[in-house]
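These notes are about the structure you will find just below.
Naming convention: chains lettered A, B, ... in sequence-line order (proteins, then strands); numbering from 1 in each chain.
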2 protein chains.
Amino acid sequence: MSSITVLLVDDHLVVRSGLRALLGTQPDLEVVAEASTGEEALRLVRTHVPAVVVMDLAMGPGMDGIEAIKRIRDLNTGQAILVFTTYDSDADIVRAVDSGAMGYLLKDAAPEEIFAALRGAVQGRSVMSPPVASRLFQQLRNPDEVLTPREAELLSLLTEGLSNRELGRRLFISEATVKTHLAHIYAKLGVDTRAAAIATAIRREGMR
Amino acid sequence: MSSITVLLVDDHLVVRSGLRALLGTQPDLEVVAEASTGEEALRLVRTHVPAVVVMDLAMGPGMDGIEAIKRIRDLNTGQAILVFTTYDSDADIVRAVDSGAMGYLLKDAAPEEIFAALRGAVQGRSVMSPPVASRLFQQLRNPDEVLTPREAELLSLLTEGLSNRELGRRLFISEATVKTHLAHIYAKLGVDTRAAAIATAIRREGMR
DNA sequence: AGCCGTATCAGCCAAAAGGCTGAGGGACCA
DNA sequence: TGGTCCCTCAGCCTTTTGGCTGATACGGCT
């Protein structure tokens, strides 16, 4: 049985080392490359064509994880992409799934969980950490409170303190549209000011 | 020359694995134990008496990193404690130094940086990542940017999403006074909207 | 006594945000 | 084909926020 080739993407060297060490204990898993930025990840996917990409969502300046996932999917080189990150934020989960991630693991996952996710991913199975799964489950029961991908994207930028004008520029939409999205977000979060939205987003969604 | 014994404390297994793998490349550094919680760390310090403790500040439920550092120091068993964490928040740095940490490294530090910090720590030298050092340095140069107690109080409430009116009521001051305080806070934080203030407060000052 | 930092307040004006209604286009699905 | 989301945009009006200037009061330090 041939090995499952893996590309690791994380801006922290220790995390990459740790994953490499963990995966190294499994004969069928082989780390063929590591990237510390989204740009590098994209390049290495082209050159190495790994079976699976394990990706952190939070990365330094430049392309973020979500963007990197989209770009990799656009290459159509068949990678299964696993998100491997610290926070189980609603918005991040929605966006990650929307952009084509096959699974969503938290960094405190047990090794067996990680191995299983990798093996499942190449077979087309979605795997996620229990906390992530339960969040999604709860969301299915209250669909009215689920942010759409676009709303989640906007909320994420909102927590960086941008104004409506800046949000519009960043997302290439008019300020009017920004306000529409915000109104929907407020309704779903149960708040009525952007300050409260930011506060609840960061506290409740685990954003930083 | 005998090895430097190290205890790793981090709630993420991958990070511990990564550190173990990195430190394993150095003949004079020996990881003698790993802990995933503050309580466990305290126990292992007693039983293994390591020369250095490498500690993440953010840990799951229970004792946090700062508390763990204080407790370890209280044992008086002579450990040098190195903080190894993701964020260079002003509040965290101050609190870590205050509770007796010997150094402050960010997780994206280069391996050589980590090794040097460990070796320096056992010799009583303080080491910190450049970004951390520059933050401290900047604070020393610009005492103007330190919030007054009243401002800090207001900022804390601000991060809960309150409006000016609500802030006034909560603090028993007029809305005009609230606005004055806010203006000062904005100036000190280097922002010009409350949204940005909330964002930087939560991210940079470690408020949650 | 004078100075400085902190905390308190007011008024004025411009900019930003929020609430509301309405509306068009595209995707998906029954 | 019609219905339902989602994303997009506009206009109008009210409230909130932010920028500015200036003012009083108290405490501590020199």
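- Under 4.0 angstrom from either OP1 or OP2 of dT15(D) there lies no side-chain N or O belonging to Arg165(B).
- With dG18(C), dG18(D), dT8(D) as the candidates, the nucleotide lying closest to the side chain of Thr177(A) is dT8(D).
- Nearest nucleotide to the side chain of Ser163(A), out of dT17(D), dA17(C), dC7(D): dA17(C).
- The interatomic distance linking Tyr186(A) (OH) with dT16(D) (C1') rounds to 12 Å, in whole Å.
- Each of Arg194(A) and Val178(B) lies near DNA chain C, and the nucleotide nearest Val178(B) is the one positioned closer to the 5' end.
- Looking at Leu167(A) and His181(A), their side chains never come closer than 4.5 Å, going by heavy atoms from C-beta outward.
- Interface residues of residues 168-175 of chain B facing DNA chain C, ordered by number: Ile173(B), Ser174(B); criterion, heavy-atom separation under 4.0 Å.
- Atom P of nucleotide dC7(D) and atom CG of Leu182(A) are separated by 13 Å, given to the nearest angstrom.
- In this structure, the CG atom of Leu155(B) is 16 Å from the P atom of dT6(C), given to the nearest Å.
- One interatomic measurement links the two molecules: CG of Asn164(B) to C1' of dT15(D), which rounds to 12 Å at whole-angstrom precision.
- His184(B) has its NE2 atom 10 Å from the P atom of dA7(C), to the nearest Å.
- Side chain of Thr180(A), nearest nucleotide from dT8(C), dA17(C), dT8(D): dT8(D).
- At a cut-off of 3.5 Å, with distance as the only test, a side-chain donor of Ser174(B) or Thr177(B) sits close to an acceptor on the other residue.
- The Ala176(A) side chain lies nearest to dA10(D) when the options are dA10(D), dG18(C), dG19(D).
- Rounding to whole angstrom units, CD1 of residue Ile185(A) and C1' of dC6(D) are separated by 13 Å.
- Between Lys179(B) and Ala183(A), the one whose closest nucleotide on DNA chain C sits nearer the 5' end is Lys179(B).
- One interatomic measurement links the two molecules: NZ of Lys188(B) to P of dG18(D), which rounds to 17 Å at whole-angstrom precision.
- Annotation: side chain of Phe115(A) is in contact with side chain of Thr25(A) (closest heavy-atom distance under 4.5 Å).
- Put simply, CD on Glu166(A) and CG on Leu158(A) are 11.0 Å apart, with the number rounded to the nearest 0.5 Å.
- Looking at Leu182(B) and Arg194(B), their side chains come closer than 4.5 Å, going by heavy atoms from C-beta outward.
- Remark: C1' of dT8(D) and CG of Leu167(A) are 15 Å apart, rounded to the nearest angstrom.
- The side chain of Arg150(B) approaches dT8(C) more closely than any other nucleotide in the set dC12(C), dT8(C), dA17(C).
- Dashed line: the shortest gap from a side-chain N or O of Thr148(A) to OP1 or OP2 of dC7(D) is under 4.0 Å.
- Under the 4.5 Å side-chain criterion, counting only non-hydrogen atoms from C-beta, Leu22(B) is in contact with Leu13(A).
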task = Kindly indicate, with the supporting measurements, whether the criterion side chain to side chain donor-acceptor pair (under 3.5 Å) is fulfilled by Asp56(A) and Thr85(A).
result = CA-CA 5 Å; Asp56(A) 189 0; Thr85(A) 194; 3.0 Å; yes

